[in-house]
Structure formats: structure tokens, C-alpha cells
Protein chains: 2
Amino acid sequence: MLSTQPQLAVSTVIFALRKTGAESPATLWLPLVRRIREPFGGRWALPGGPIRASESLSDAAGRNLLETTALTPQYLEQLYAFGTVERSPGTRVVSIVYWALVEAEEAERAAEGENVRWFPADDLPELAFDHNAIVGYALWRLRNKMEYSRIAHAFLGERFTLAQLREVYEAVLGRPLDPANFRRQIEATKSVVATEERQSGGRHRPPRLFRYNESFDLADNGPLPHA
Amino acid sequence: MLSTQPQLAVSTVIFALRKTGAESPATLWLPLVRRIREPFGGRWALPGGPIRASESLSDAAGRNLLETTALTPQYLEQLYAFGTVERSPGTRVVSIVYWALVEAEEAERAAEGENVRWFPADDLPELAFDHNAIVGYALWRLRNKMEYSRIAHAFLGERFTLAQLREVYEAVLGRPLDPANFRRQIEATKSVVATEERQSGGRHRPPRLFRYNESFDLADNGPLPHA
DNA sequence: CTAAGTAAAGGTACAAATGACTAGAACAGA
DNA sequence: TCTGTTCTAGTCATTTGTACCTTTACTTAG
């Protein structure tokens with residue numbers, strides 16, 4: 001009876017924004033882990049692992065992420081449970097996949113190693129299992145969610161300019177946005193609060209620094225019990 | 001190693017619309033199953049069961065639903081994987097929950113029994129496990145999805161009037177909609193196609209019957225691999 | 001046969017949100 | 001001081017959303 005039960009695991013698709021050059025626009029990157037065992041030995045895969053008896057699913061996702069990539073995400077949300085019969089050769093595996101966001105600074109700190117490397121999200125190699133499709137779905141969810149929620153903030157630090165926030169939107173949505181109209185829309189939602197500080201150093205008018213409105217629902221996930 | 005693995009199950013929240021009186025507005029109902037074993041013996045719970053080695057998660061949800069309630073849903077979508085440590089006393093259970101819609105006629109056919117009964121979604125008794133919270137979340141997803149997709153059709157049959165379609169929206173969203181504006185919006189999306197038939201019998205101008213546009217994405221779930 | 005009642009179906013008027021665009025303000029660096 | 005750049009505020013046309021009105025076409029009562 002128990003022997004026919006599918007094997008259960010959690011994995012996480014975690015995105016960060018990276019700027020390759022000073023002029024080039026930022027793009028989405030994600031860390032992958034090299035598999036050492038079969039099946040798919042040597043291939044790159046999403047970080048993940050088993051669930052312990054004492055931890056919830058989201059805790060398991062966070063722990064596995066920390067253990068394999070040393071990253072602590074700013075945002076973590078369940079993506080989907082994948083469980084077709086043939087997705088893992090040999091064993092039946094059900095993967096509960098999370099998706100997450102880290103800010104750029106935090107992503108820098110987590111050094112790459114022989115078995116952990118960052119890849120551009122829109123140009124991945126052939127991954128283990130169905131992980132290419134999973135990343136594709138995570139990307140869709142992220143882009144979708146950018147349009148009706150305020151998760152963009154998870155890519156940024158404590159204080160930021162509206163230009164930086166706009167850069168996040170432009171990178172994820174993949175199209176340029178009008179600075180003036182963007183400002184109007186963001187200010188209308190009141191998701192953001194102006195501080196008195198400004199950022200100097202640029203060869204132009206110093207932009208005002210903003211911070212996020214604490215009393216603002218960033219994710220818009222409904223009455224979701226933590227799980 | 002395997003002994004510490006959580007037990008895996010699927011459950012389904014399945015909604016249908018019911019009209020109690022001719023004048024009263026339609027409301028959401030869902031079938032529940034009486035538990036015979038402990039824990040929560042005697043309590044009402046969501047229909048569900050274990051996953052077989054040969055079936056996918058959605059197949060398992062559909063099969064368990066058919067076996068316990070004799071219902072075949074018009075629409076079936078994964079809701080969430082619930083897996084906190086304390087959600088089932090004694091054993092650790094991870095439930096992959098689906099939500100589904102059936103049209104009224106199909107719901108009528110599935111007779112109630114001693115151990116299966118329909119309940120109004122907004123007035124449930126105390127259910128087993130965390131199932132009250134799960135239904136609440138499913139309701140939120142349904143209402144949310146009504147606003148940006150065309151799932152409403154899953155509540156109706158092959159042909160329907162715009163008034164019937166509007167009734168579905170009004171029941172789920174819980175507020176009246178302007179008939180004229182509703183018509184304009186629906187026709188603008190082209191999700192619906194006018195037939196030449198009209199529905200006679202009412203004491204008023206006979207409304208035109210519509211059918212759904214086949215080449216129209218009803219769910220808007222993105223590049224989701226079946227799972 | 002006619003009048004009354006009802007919902008269908010089409011249309012108008014106003015408000016709000018959005019998108020394209022213009023222009024002055026405020027800095028760094030030459 | 002001049003120049004290049006971005007920040008920031010504002011205008012205007014268009015689209016979208018909401019409220020409401022009118023006519024049409026049927027059924028039923030008398």
C-alpha cells in the first residue's frame with residue numbers, strides 16, 4: 001500500500017534581476033543545481049528536495065533553497081503540484097513547486113559554485129525532468145502577477161526610485177513604459193510612499209526615494225491559509 | 001525513510017448553481033461526503049481519496065469525484081496543495097486540492113444519498129480537517145476568475161440566453177449587473193456566438209439563444225502542462 | 001381583439017482610466 | 001555658464017466603465 005505511494009518533493013523556481021551592462025536592460029535570471037545522481041545525472045535542475053515530517057510545504061521549499069543555494073527569498077509562493085506519471089523515469093514523483101523572488105543584492109551574496117549556477121530565464125539549457133516547462137509556467141505567473149499586484153517590490157531593497165521600480169516592470173514585462181504615466185499609476189494606487197530623501201550622484205535632477213506602503217497587500221493571494 | 005513520507009491524497013471542491021425558488025436568485029452549492037472513519041468520523045468532508053500509480057493528479061481528482069459523488073465536472077482545475085503539519089491529527093497528510101464546476105442539469109442527475117449531500121457554499125457546517133478554509137479559498141478563486149476569464153459557461157448547458165449567463169455572474173459575484181452593459185461587454189469579447197434560435201414561453205419578448213465560441217480560451221491558465 | 005405587463009435589445013450621456021505627448025525643473029560635468 | 005540627462009507636472013484625445021432611457025416583441029388578462 002505505502003510502497004505504491006508517489007514520492008513527494010518540493011522544488012523552487014527563484015528569480016532575480018541582473019544587469020549585464022550599464023546600458024543594457026535588466027533581465028531575469030535563476031539559479032540551477034547540477035544533478036549528481038541518476039536520472040538526469042549531470043543535468044541542471046531546480047533546487048529542491050524532500051519534505052521533513054516537522055515542516056510545512058513552504059518551510060520545506062525555503063529550507064531546501066537555503067541548503068542548496070544559500071538564498072533567502074523576499075517572496076515565496078506556491079506555483080503548482082506536478083504529478084504526471086511519466087515525469088520521472090523509474091519512480092513516480094509528485095513535485096510541489098514554489099516560485100520565489102530575491103532582490104539583486106541578496107542574489108549577489110550567494111556565490112556560484114561548481115554545482116550552482118545562474119542562468120538567464122529566457123535562454124535555458126535542457127533541464128532535468130519537466131523543469132523547462134515548469135520554469136516557463138513560473139515565468140508566465142510572474143508576468144501575469146506583475147499586472148495586477150505589487151510584487152515588483154520583492155526585486156528591490158528598502159528604498160528605491162521610481163525609475164528603478166519602472167526598470168523592474170520593464171524587465172519582467174519586456175516592454176518600455178512611459179515614465180510619466182508609470183508615475184501617475186503607481187502614485188494612484190498608493191502602494192508607495194515618498195520619503196524626504198533623494199538619490200544624488202547621477203548627472204541629472206536627483207530623483208526622490210520611495211519606500212513601500214507597509215499596509216498594502218503585495219501578493220493579492222486571497223484567503224490562502226499558510227501551507 | 002519512506003515511513004516518514006507524508007501521506008498523499010487529492011480532494012475536490014465542486015460547485016453547482018441552484019435556484020431554491022422561482023423568484024430567489026441562484027446560489028452556489030457543493031456536495032460533501034460523510035466520513036466514516038476517524039479522525040473526524042461522522043463529519044462532512046470534501047470528496048477525495050488516494051492517487052493511483054497509473055493516474056495523474058487531475059485524473060485522480062476526477063476519478064475520486066466520480067466514485068464518491070457520481071459527478072463528471074465541466075471544468076476541473078488545481079487549486080492548491082495543502083500540507084501544514086497539524087492539519088490531520090495523527091498522520092501527516094498532504095492534500096492536492098482541485099476545484100471544479102458542474103452544470104445544474106448534471107448536478108441534478110447525481111442523486112443525494114445518506115453519505116452525500118449538497119450544501120450552500122456560504123453556509124457550511126463545521127467540516128473535517130481544514131476543509132472549511134479550503135472551501136473559502138476555492139470560493140475566492142472562483143469569484144476572482146469570473147472577473148477575468150469566461151469559466152461562467154461551465155455552469156450552463158449548450159445553449160443559453162444572455163439573461164441566464166448574467167444570472168450566473170450575479171450569483172457568483174453576489175451583486176446585480178446591468179443587463180444592457182452586460183450584453184455589451186460579453187458581445188465585445190466575442191466569447192459567445194448568437195444562434196438563430198430564440199427561447200419562447202416567457203411572457204415577454206423571446207430572447208435569442210447563444211452558444212460559446214469554441215475557439216476561445218475559457219480558463220486562461222497560461223502554459224500549464226497537464227498534471 | 002385590445003390593452004397591460006415584462007424583459008429583450010439597442011442607444012445616449014457622463015465619469016474615470018489610459019496613452020501619447022509637451023515642457024519646465026534640477027542636477028553633474030565640461 | 002552651457003549642455004545633456006532625467007525627474008516631474010501637466011495637457012489632450014481616446015478608450016473604458018457606469019447609469020439610465022427608449023423601443024421592440026412577446027404573453028396574458030379582459
Side-chain angles (χ1 to χ4, degrees), chain A residues 19 21-26 143-144 146-150 152 156 159-171 173-211 220, chain B residues 19 21-26 143-144 146-150 152 156 159-211 213 220:
Chain A
K19 296 199 66 159
E23 286 305 302
S24 60
R143 295 196 167 117
N144 214 39
M146 287 289 281
E147 297 184 347
Y148 66 86
S149 78
R150 300 286 152 205
L156 296 171
R159 278 153 213 283
F160 49 87
T161 68
L162 286 188
Q164 290 174 318
L165 184 62
R166 179 165 47 85
E167 230 186 334
V168 173
Y169 276 85
E170 288 178 334
L173 299 178
R175 62 187 154 93
L177 301 172
D178 183 278
N181 293 338
F182 180 77
R183 165 182 300 270
R184 206 183 29 190
Q185 285 177 5
I186 293 293
E187 285 180 338
T189 65
K190 287 170 181 156
S191 61
V192 112
V193 180
T195 70
E196 288 311 306
E197 299 166 69
R198 289 169 185 279
Q199 189 183 68
S200 59
R203 47 170 57 183
H204 53 76
R205 178 172 171 177
R208 187 183 285 272
L209 285 168
F210 290 78
R211 60 179 176 79
D220 202 21
Chain B
K19 294 198 69 158
E23 287 304 303
S24 60
R143 295 196 166 117
N144 213 39
M146 289 289 281
E147 297 186 345
Y148 66 85
S149 78
R150 300 288 152 203
L156 297 171
R159 276 153 215 284
F160 50 87
T161 67
L162 287 189
Q164 290 174 318
L165 184 61
R166 180 165 45 83
E167 230 185 332
V168 174
Y169 276 85
E170 288 177 341
V172 175
L173 299 178
R175 61 186 155 93
L177 301 173
D178 183 281
N181 294 336
F182 181 79
R183 164 181 302 270
R184 235 186 340 145
Q185 285 173 11
I186 293 295
E187 286 179 337
T189 65
K190 284 167 181 157
S191 62
V192 112
V193 180
T195 69
E196 289 310 307
E197 299 168 69
R198 285 167 189 281
Q199 191 184 66
S200 59
R203 48 171 55 180
H204 52 75
R205 178 172 171 178
R208 186 184 285 273
L209 285 168
F210 290 79
R211 61 179 176 78
N213 188 345
D220 201 21

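All heavy atoms count here, side chains included; hydrogens, waters and symmetry mates do not. Because the structure is a prediction, the values reported are computed rather than measured.
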Can you check side chain to side chain contact (heavy atoms under 4.5 Å, CB included) on Arg208(B) and Gln199(B), steps first, answer last?
CA-CA 6 Å; Arg208(B) 186 184 285 273; Gln199(B) 191 184 66; over 6 Å; no

Would you say Arg184(B) reaches dT15(D)'s phosphate, i.e. side-chain N/O to OP1/OP2 under 4.0 Å?
no

Measure from OH on Tyr148(B) to P on dT16(D) and round the result to the nearest Å.
21 Å

What is the nucleic acid contact for Ala163(A), judged by heavy atoms within less than 4.0 Å: base, sugar-phosphate only, or nothing?
sugar-phosphate

Take atom CG of Asp178(B) and atom C1' of dT22(D), then tell me their distance rounded to the nearest Å.
14 Å

With a 4.0 Å cut-off on heavy atoms, is Arg208(A) in touch with a base, just the backbone sugar-phosphate, or nothing at all?
sugar-phosphate

Can you classify the ring geometry of Phe210(B) versus Phe160(B) as parallel (below 30°), tilted (30 to 60°) or perpendicular (above 60°)?
parallel

When we call it a touch if two heavy atoms are under 4.0 Å apart, what does Ala188(A) touch: a base, just sugar-phosphate, or nothing?
nothing

Of dG11(C), dT8(D), dT5(D), the nucleotide closest to the side chain of Ala180(B) is dG11(C)

Per nearest nucleotide of DNA chain D, the residue lying toward the 5' end, Glu187(A) or His204(A), is His204(A)

Please report, rounded to the nearest Å, how far the P atom of dA28(C) is from the CZ atom of Arg198(A).
13 Å

Backbone N or O of Ser149(A) within a donor-acceptor pair of the Asp220(A) side chain at under 3.5 Å?
no

Gln185(A) side chain N/O closer than 4.0 Å to the phosphate oxygens (OP1, OP2) of dG19(C)?
yes

How many Å lie between CG on Leu177(A) and C1' on dT18(C), as a whole number?
13 Å

Let me know the distance between CZ of Phe182(B) and C1' of dA8(C), rounded to the nearest Å.
14 Å

Atom-to-atom span, CZ of Arg203(B) to P of dA8(C) - whole angstrom:
14 Å

Give a yes or no on whether the backbone of Thr161(A) and the side-chain of Gln164(A) come within a donor-acceptor separation of less than 3.5 Å.
yes

Nearest-angstrom distance from the residue atom CZ of Arg175(A) to P of dT18(C):
12 Å

Select from Asn181(A) and Gly201(A) the residue whose nearest nucleotide in DNA chain C is closer to the 5' end of that strand.
Asn181(A)

On a plain distance test, is the side chain of Arg205(B) in donor-acceptor contact with the base of dT24(D) below 3.5 Å?
yes

Roughly, in whole Å, what's the span from CG in Leu173(B) to C1' in dT18(D)?
16 Å

So, does Arg159(A) use its side chain to make a donor-acceptor pair with the main chain of Leu209(A) at under 3.5 Å?
no

If you check every side-chain atom of Arg183(B), which of dT18(D), dG10(C), dA9(C) has the closest atom?
dA9(C)

